[in-house]
Amino acid sequence: QVQLVESGGGLVQPGGSLRLSCAASGSIFRLNTMGWYRQAPGKERELVAAITTRGRTNYADSVKGRFTISRDNAKNTVYLQMNSLKPEDTAVYYCNANNALSYWGQGTQVTVSS
């Protein structure tokens, strides 16, 4: 089993920044891709960004140029730096990690509002 604990969500004004963190613990051997998904009310969960163990990244078109995903393999932690936030970025953000199985965090709320 792998446990994922997210932190860093909150309320921010449009144009502001937040940094999400997700720490993995438990059976973390051979964790492969880690990433962030989000789900807004009434919408399906969608990929925001993902990163492989070698640092290859993938971003949703809607966040390219504004969000940056990074990973510290020694700490088994993945980060999401979110800049130039927009109201449409408001959602619950979920951390995801994969080895032979897929694991999810409990989610952290990000609200972008003036």
Side-chain angles (χ1 to χ4, degrees):
Q1 283 288 343
V2 173
Q3 293 80 43
L4 302 175
V5 178
E6 301 131 333
S7 60
L11 172 64
V12 64
Q13 292 187 343
S17 299
L18 282 175
R19 189 192 194 207
L20 305 182
S21 299
C22 173
S25 61
S27 301
I28 56 178
F29 182 65
R30 291 184 179 175
L31 275 180
N32 297 318
T33 301
M34 298 184 73
W36 291 93
Y37 288 70
R38 68 186 180 187
Q39 188 167 18
K43 295 187 177 181
E44 294 186 353
R45 191 173 296 189
E46 63 176 359
L47 173 69
V48 177
I51 186 168
T52 68
T53 52
R54 295 188 176 185
R56 180 172 293 182
T57 59
N58 180 38
Y59 293 93
D61 288 343
S62 59
V63 307
K64 284 180 180 177
R66 300 188 297 122
F67 292 10
T68 302
I69 190 169
S70 60
R71 179 172 179 167
D72 186 332
N73 290 326
K75 296 181 178 180
N76 299 302
T77 300
V78 63
Y79 306 95
L80 186 68
Q81 178 66 43
M82 304 185 293
N83 298 328
S84 302
L85 282 160
K86 304 175 180 180
E88 50 263 44
D89 295 317
T90 296
V92 178
Y93 284 69
Y94 296 92
C95 180
N96 173 260
N98 300 277
N99 46 29
L101 300 175
S102 185
Y103 302 93
W104 294 91
Q106 79 283 359
T108 185
Q109 178 70 45
V110 171
T111 302
V112 185
S113 176
S114 56

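What's counted below: heavy atoms across the whole structure, side chains too, no hydrogens, waters or symmetry copies. The residues of the chain are indexed from 1 along the displayed sequence.
One finds the CG atom of L11 at 9.5 Å from the CD atom of Q109 (value rounded to the nearest 0.5 Å). One distance of note links OG of S84 with NZ of K86; it measures 8.0 Å at 0.5 Å rounding. The CD atom of Q81 sits 9.0 Å away from the CG atom of L20 when rounded to the nearest 0.5 Å. Summarising the geometry, atom CG belonging to D72 is positioned 5.0 Å from atom OH belonging to Y79; distances are rounded to the nearest 0.5 Å. Distance OG/S102 to CG/N32: 11.0 Å, rounded to 0.5 Å. In this structure, CG in L80 is found 14.0 Å from CZ in R71, a value given to the nearest 0.5 Å.
Between E6 and G107, the closest heavy-atom pair is OE1-N, 2.6 Å. For Y103 against L4, the heavy-atom pair with the smallest separation is O-CD1, 3.5 Å. V2 and A24 make their closest contact through CG1-CB, 4.3 Å (heavy atoms, listed as atom of the first residue, atom of the second, distance). Taking every heavy atom of both residues into account, K43 and Q39 meet most closely at O-NE2, 3.1 Å. The two atoms that bring R38 and D89 nearest to each other are NH1-OD1, 3.0 Å, heavy atoms only. The two residues L85 and R66 make their nearest non-hydrogen contact at CA-NH1, 3.9 Å.
Under the 4.5 Å side-chain heavy-atom criterion for ILVMFWY residues, a single connected hydrophobic cluster contains both W104 and V92. Under the 4.5 Å side-chain contact rule for hydrophobic residues, L18 and Y94 do not share a cluster. In the hydrophobic cluster analysis, where Ile, Leu, Val, Met, Phe, Trp and Tyr join through side-chain heavy atoms closer than 4.5 angstrom, I51 is grouped together with Y59. At a threshold of 4.5 Å between side-chain heavy atoms, the hydrophobic network of Ile, Leu, Val, Met, Phe, Trp and Tyr places V110 and V48 in one connected group.
Crowding of E88 atom CD: a count of heavy atoms from other residues, nucleotides or ligands under 6.0 Å exceeding 12.
Judged by distance alone, the side chains of N58 and R56 never bring a donor and an acceptor atom under 3.5 Å apart.
Considering only heavy atoms from C-beta on, N76 stays 4.5 Å or farther from S25 through its side chain. Counting heavy atoms from C-beta outward, C95 and W36 have side chains that approach closer than 4.5 Å.
Electrostatic pairing of K64 and D61 counts as a salt bridge here, judged by a charged N lying under 4.0 Å from a carboxylate O.
Between Y93 and F67, the ring planes lie tilted relative to each other; the angle falls in the 30° to 60° range.
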